[in-house]
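Reviewing the structure listed below.
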Amino acid sequence: LVRMGYDTRAALARVSCPVLIMHSSEDEIVPYAHGETLYATAPGEKALVTLQGGHNDALFVSRERYRGAVREFLQQHFTPAGKAQAR
């Protein structure tokens, strides 16, 4: 897998929809700076959400932050104005 190249920044620069980037500042494998670089690269509307926890457990450690950020992002960008509903 590591031998396969994928230019994430080049691909992200061509995206025309809102972008949500979530990354843990405690990730011990992928440096948080990588998430910041992707955020800076993304054009248009975007959000960067900082999670807590390691590379393999951030979604569990930051479960409520993760769920809330996804819900807010989707409501803000992908529901008709005035039609957003909290669950």
Side-chain angles (χ1 to χ4, degrees):
L1 185 62
V2 175
R3 292 176 278 168
M4 297 171 49
Y6 183 75
D7 191 348
T8 305
R9 285 179 288 179
L12 187 56
R14 295 187 304 269
V15 170
S16 61
C17 65
V19 173
L20 174 60
I21 296 172
M22 303 177 108
H23 198 106
S24 175
S25 58
E26 300 169 5
D27 191 322
E28 68 282 359
I29 296 174
V30 179
Y32 184 73
H34 288 222
E36 293 175 313
T37 298
L38 293 178
Y39 176 77
T41 300
E45 297 184 61
K46 57 191 172 182
L48 172 62
V49 176
T50 302
L51 303 175
Q52 302 300 310
H55 183 79
N56 293 312
D57 66 356
L59 294 181
F60 300 108
V61 172
S62 298
R63 177 179 293 133
E64 292 307 313
R65 173 113 171 103
Y66 174 85
R67 292 176 69 189
V70 169
R71 183 181 306 112
E72 180 182 325
F73 186 81
L74 292 174
Q75 287 176 342
Q76 182 179 1
H77 296 288
F78 297 103
T79 56
K83 300 285 184 177
Q85 296 179 356
R87 288 189 112 177

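Starting from 1, each residue takes its place in the sequence as its number.
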Task: Listed once per pair and sorted, the side chain to side chain donor-acceptor pair (under 3.5 Å) pairs that draw on residues 7-19, sequence neighbours left out - done: none
Enumerate donor-acceptor pairs with a distance under 3.5 Å from any side-chain N or O in residues 38-47 to protein atoms, sequence neighbours excluded.
{"residue": "Thr41", "atom": "OG1", "partner": "Thr37", "partner atom": "O", "Å": "2.8"}
{"residue": "Glu45", "atom": "OE1", "partner": "His77", "partner atom": "ND1", "Å": "3.2"}
{"residue": "Lys46", "atom": "NZ", "partner": "Tyr39", "partner atom": "O", "Å": "2.9"}
{"residue": "Lys46", "atom": "NZ", "partner": "Ala42", "partner atom": "O", "Å": "2.9"}

- [ ] Scan residues 13-32 for pairs that pass ring-ring contact (aromatic ring centres under 6.0 Å, His included), counting only residues two or more places apart or in two chains.
- [x] His23-Tyr32
Task: Minimum-distance pair of heavy atoms, taken over all atoms of Gly35 and Leu48 - done: O-CD1, 4.3 Å
Open item on the list: With a 3.5 Å distance limit and no angle check, can you tell me whether Asp27 reaches the backbone of Ser24 through a side-chain donor-acceptor pair?
Closed with: no
Task: N/O donor-acceptor pair under 3.5 Å between Ser62 side chain and Gln52 backbone - done: yes
TODO: Supply the members, apart from Val49, of the Ile/Leu/Val/Met/Phe/Trp/Tyr cluster built from side-chain contacts under 4.5 Å; use none for a lone residue.
DONE: Leu20, Met22, Leu51, Leu59, Tyr66, Val70, Phe73, Leu74, Phe78
Task: side chain to side chain contact (heavy atoms under 4.5 Å, CB included) partners of Ala33, counting only residues at least two apart - done: Glu36
